[in-house]
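To keep things clear, I will list the structure first and then write my remarks on it.
Only this structure's heavy atoms are used, side chains among them; waters, hydrogens and symmetry mates stay out. We count ligands from 1, going down the list as the structure has it; atoms in each ligand are counted the same way.
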Amino acid sequence: MTDKLWGGRFTAKAAEWVDQFGASISFDQQMAAEDLEGSLAHVAMLGKQGIIPQADAAAITAGLHTLQAKLAAGELKFTVANEDIHLNMESLLTKEIGPVAGKLHTARSRNDQVATDFHLWLKHRLPELLKALTNLQTVLVEKAEQHAGTIMPGYTHLQHAQPITYGHYLLAYFEMFQRDYERFSFNQQHTDMLPLGAAALAGTTFPIDREAVAKTLGFSSVYHNSLDAVSDRDFALEFLSNAAILMQHLSRLAEELILWCTYEFNYVEMADSFATGSSIMPQKKNADFAELTRGKTGRVYGALMGLLTTMKALPLAYNKDMQEDKEPVFDAYTTILGSVHIFAGMLESLTVHETRMHDATTNDFSNATELADYLATKGVPFRQAHAIVGELVLKGIKTHTTLQEMPLPELQAAAPQIEADVYAELSSEAAVNRRTSLGGTAVTNVIKEVARAKECLADR
Ligand code: ARG
């Protein structure tokens, strides 16, 4: 027998560097509080069901409480020799209360224990993420309201397309984060299930009460198949997949803000508190935090791909491969929470150069669709109207004249249907405000959508 907690059938010890390779304590100690919480619920049930004597359950409970206090005080010392958080805690408990600690592992395996700790870890943390998303959405709605009428160029292919409002643009991200919010809320359901009681893989011969443990731990349901309970990491994959999509949204927003901060665009300026300077170039003001978030998207995608690949083709039930599940989730959680906070602060404090945005829509051809639509309403087939306006644009580019600068006779030479009323329709304001179709950029629409967004936030 070796000195491991599972050392009965072993005679030879592993080298320290081998232990080091197999150990997870360096990262799974993040689940220390959850491990104690799970053990407390388990031992309470063991005592109540008469599986172990009440006096032993009480001694173990007292010992676990001592460990909780020591954990809070930063007094617990974990060792690689004890491999992971579960064996470390059992060993520490034994030091506190002696061999009776060994009764805690009755009707339990590390396989259902680790799954329970991991579920609890995420279950405890999803609400904070949802709160941060709500805060980000609140900032977006406030700014959208303020900028419901702030006109800017809308882009396709990063080329001026049609004028929109900055408020409309911000609400596009509100919608994306709303779906992120819904995805993480749904993920809560799959995280809110208790694996404990599955034991190693097949259930247990002891008369345990899993529903009672679930209730104590605040889980709304239990896994109904013991093999699934210890093998399922869907809840973690779902979290990482949601995290990857969220980061994709933040990264697209980051990219736009970075572009808009350039000398060439100059649509917005970061607050000093959300920008950095250069060690050599005194004039620099860099959108570092947007860039860093864009960069961190890579590690979150990596976390998802990593765990998907780890889980691929794993036979049921537990395999040690699954020890690789925690680091990507821990890392992705910290990364997305930080990124969401950063974006809320960054957007809140962003200076918007409204005139510059508006001007970018007046010396371009982003009103070309307006002229084509105008002709279409006068009975010209749209395809023909498109061609007429295309030729006018080509002429305008050559002569440095915008459509609204062209004299009426010139426009009429291209299409006799054009009358003096055309000019009113060629302004960016008209272009925006005529787009009243549901979901369109008209200021009245944006105001309505702001109200809808506020209602949606009020429901939380
Ligand atoms: N440290 C392990 C993990 O994180 C705990 C479960 C170990 N179970 C086992 N049978 N080796 O997955």
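- Side-chain atoms of Ser39 and Arg108 form a donor-acceptor pair, as typed in the model, at a separation below 3.5 Å.
- With no hydrogens or angles considered, a side-chain donor-acceptor pair links Gln162 and Thr369 at under 3.5 Å.
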- For the pair Phe184 and Phe239, evaluate ring-ring contact (aromatic ring centres under 6.0 Å, His included) and give the outcome as yes or no after the intermediate values. CA-CA 7 Å; Phe184 283 112; Phe239 169 76; 5.8 Å; yes
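- Judged purely by distance below 3.5 Å, without hydrogens or angles, the side chains of Arg183 and Gln178 never pair a donor atom with an acceptor atom.
- A donor atom on one side chain and an acceptor atom on the other are not found under 3.5 Å apart for Gln323 and Tyr318.
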Atom pairs and distances, ligand 1 N/O vs protein N/O under 3.5 Å:
unit_1	atom_1	unit_2	atom_2	d
ligand 1	1 (N)	Ser24	OG	3.1
ligand 1	1 (N)	Asp84	OD2	2.9
ligand 1	1 (N)	Gln323	OE1	2.8
ligand 1	4 (O)	Lys326	NZ	2.7
ligand 1	8 (N)	Asn111	OD1	3.0
ligand 1	10 (N)	Asn111	OD1	3.1
ligand 1	12 (O)	Tyr318	OH	2.5

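- Formation of a donor-acceptor pair under 3.5 Å by the Asn319 side chain with backbone atoms of Asp321 is not found in this model.
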